[in-house]
Amino acid sequence: MSVRTRFAPSPTGPLHMGGVRTALYAYLFARRHKGQFILRIEDTDRNRYVPGAEEYIIESLKWCGILPDEGVGFGGIHTPYRQSERKEQGVYADFSKRLMDAGHAYYAFDTPEELEVERKKAESLGNPAWQYDAASRPSMRNSLNMTDGEVSDLLQKNTPHVIRLKVESGRTIAFNDMVRGDVSFDSSLVDDKVLIKADGMPTYHLAHIVDDILMEVTHAIRGEEWLPSAPAHILIYEYLGIAQPKYAHLPLLLKPEGNGKLSKRDGDRLGFPVFPLEWKDPASGEVSSGYREKGYYPEAFVNMLAMLGWNDGTEQELFSMDELIERFDFERVHKAGARFDPEKAKWFNEQWLRKQSDTTLGGNLALQAEVVFGAEQHIVSKAYCTGAVRLLKDRVQFEGEFLEKGRYLFETPAEYDEKVVAKRWNPTAKQFVESFIPVLESAAEFRAEPLKSSFEHHAAASGLKPGDVLQLFRVIVSGQGSGVDLFGMVELLGRTEVINRIQRALLQLPSC
RNA sequence: GGCCCGUUCGUCUAGGGGUCUAGGACAUCUCCCUUUCACGGAGGAAACACGGGUUCGAUUCCCGUACGGGCUACCA
């Protein structure tokens, strides 16, 4: 049987980067084993449904290159892939009936208010966690404690009720988790989970199992938050007489600083995205930033996520999706939660940026430049922008930084670094700069190396050391005291522009 | 509180009884390169939570404690 994994998010808002990582691992595992990866939407909670969330999830996965073989928006033969629609087909009711008929589930007529009363009562007795289980079940209003007549009477009157799993007490439920190894629980501590809610919708516990069975999922890969309910799930499989899938409970992503798991708040507070794509909350209008909009490459984002809790055992850190597929294994997933480091995330992007060719980056930069400076100028040509990229490439982490960090390659400076001017601008220097113009005009080759030599010769001829005027010259050309390779910049700007800039500086700088 | 999971440099991690004077990466510091700033190169500081066992020998195995995380809904 081929490996089949799924990612089954709830459309309750934007997809958290931790969720993306879970999807990624499930995807990698499926691909690694030549199996299929499914996207299923778990929308059984009508109260938490957020419009647009489903589209957001799909778009996020596409952006990341985590492409499902089947699922909402991706086709497949196990349709529908949305639980609300599957409910219409009656699949959940069928399975709950099977459990009920076998005596492993029962009707419970207790209202939420009554349950709340029980909890309060227990709390006042010093028990902070009352639960509906083998111990409390005999004193509750459920079909186990009623005659068939009473039950059918209540059902006939449409009395609100749920269906609960009848968990046997006193058993040890053990299983082998692909990342954690052997794990075991005492079934006495597992509560009688609600299988079907009063509104007729299945809960996650029932729905995911029914769907995993029907969709032939072989490996259930999910977050660590599901580990405590895994024994209930295993019991359901057992009661159904169907083999359980292999489980992998992944460690969670933790806040960069402080305690707890990574949340939306941390992103706002520390200034990094927690979502793959930008998200605008439809209710509040609040906008949360996304990795895509921040300028991250999807490859870098995926690479970074993959390394947060997994490594291939070597010292390699840069992986393409194909390499990840080739090497990924749950045995090498770290068991403890991983604290997210925004700085390292940027580093991954920097590394991926350097892998891009100069011409690719130049083309992208040309597009950006055209938006800012308009078309029809040589500075927005691909050739010019590629030249700019060569000068700037190893000083940026994001493509969006080319323009801001290399502004002077596109615009004549309006201001000049005051400190350098104060220190270096004097009659001698001025005379030198003025007299350098003819040198530039007559330069046979307007290229970095020869220009640098003639600059040095000219300085020497003027009785100056290059150091006396180099930085000043840089400020005159770019306005800034530091930046890209000086003569590389001069070459790129070209003869006309450089001379223009010098003449302009001569007018702008204070007389001396 | 209860249950479950976890615990190596500030962070992500390698390590699976002797090879550990514990390796790499990010961040940080110093130096070199350089006209500057970056990049790059070299180097530094920096960790096995604690206590018991087991063993000739524990970072590696077991137990306990501490700490961290998750769960404890008719949410997923």
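Order of the sequence lines fixes the chain letters, A, B, ..., with proteins taken first and strands second; residue numbering starts at 1 for each chain. Heavy-atom basis, side chains included; hydrogens, waters and symmetry copies ignored.
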Could you list the protein-to-nucleotides 30-34 of chain B atom pairs, N/O on both sides, closer than 3.5 Å?
none

Assess the residue pair A:Glu343 and A:Lys346 against the criterion (salt bridge (Lys or Arg N to Asp or Glu O under 4.0 Å)); give the C-alpha distance rounded to whole Å, side-chain angles, the decisive distance to 0.1 Å, and a yes or no. CA-CA 5 Å; A:Glu343 287 305 312; A:Lys346 290 181 190 165; 3.5 Å; yes
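Here A:Arg339 lies in heavy-atom contact (under 4.0 Å) with sugar-phosphate atoms only. Residue-level contact check: A:Gly309 touches the backbone only, with heavy atoms under 4.0 Å from sugar-phosphate atoms and none from bases.
Note that A:Arg164 lies in the cation-pi zone of A:Tyr132, set by a 6.0 Å cut-off to the ring centre and a 45° limit from the axis.
Identified under the ring pair (Phe, Tyr, Trp, His ring centres under 6.0 Å) test for residues 459-484 of chain A, with sequence neighbours left out: A:Phe436-A:Phe473, A:Phe455-A:Phe473. Every pair passing side-chain hydrogen bond (donor to acceptor under 3.5 Å, both in side chains) that includes a residue from residues 190-201 of chain A is listed here, sequence neighbours excluded: A:Tyr106-A:Asp192, A:Arg137-A:Asp192, A:Asp191-A:Lys193.
Atoms NZ (A:Lys261) and P (B:rC5) sit 19 Å apart, rounded to a whole Å. Rounded to whole Å, the distance from CZ on A:Phe398 to P on B:rA38 is 18 Å. Distance A:Glu114 CD to B:rC74 P: 13 Å, rounded to the nearest Å.
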For every nucleotide of nucleotides 14-25 of chain B, 5' to 3': is a protein heavy atom under 4.0 Å from its base (B), only from its sugar-phosphate (S), or from neither (-)? SS-------SSB
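Within residues 38-47 of chain A, the residues that have a heavy atom under 4.0 Å from RNA chain B are, in order of number, A:Glu42, A:Thr44, A:Asp45. Against RNA chain B, the stretch residues 7-22 of chain A makes heavy-atom approaches under 4.0 Å through A:Ser10.
Using C1' as the reference atom, B:rU34 and B:rC39 are 11 Å apart when rounded to the nearest Å. Nucleotides B:rU59 and B:rA22 are separated by 12 Å at their P atoms, to the nearest Å.
Checked against a 6.0 Å centroid threshold, the rings of A:Tyr204 and A:Trp226 count as neighbours.
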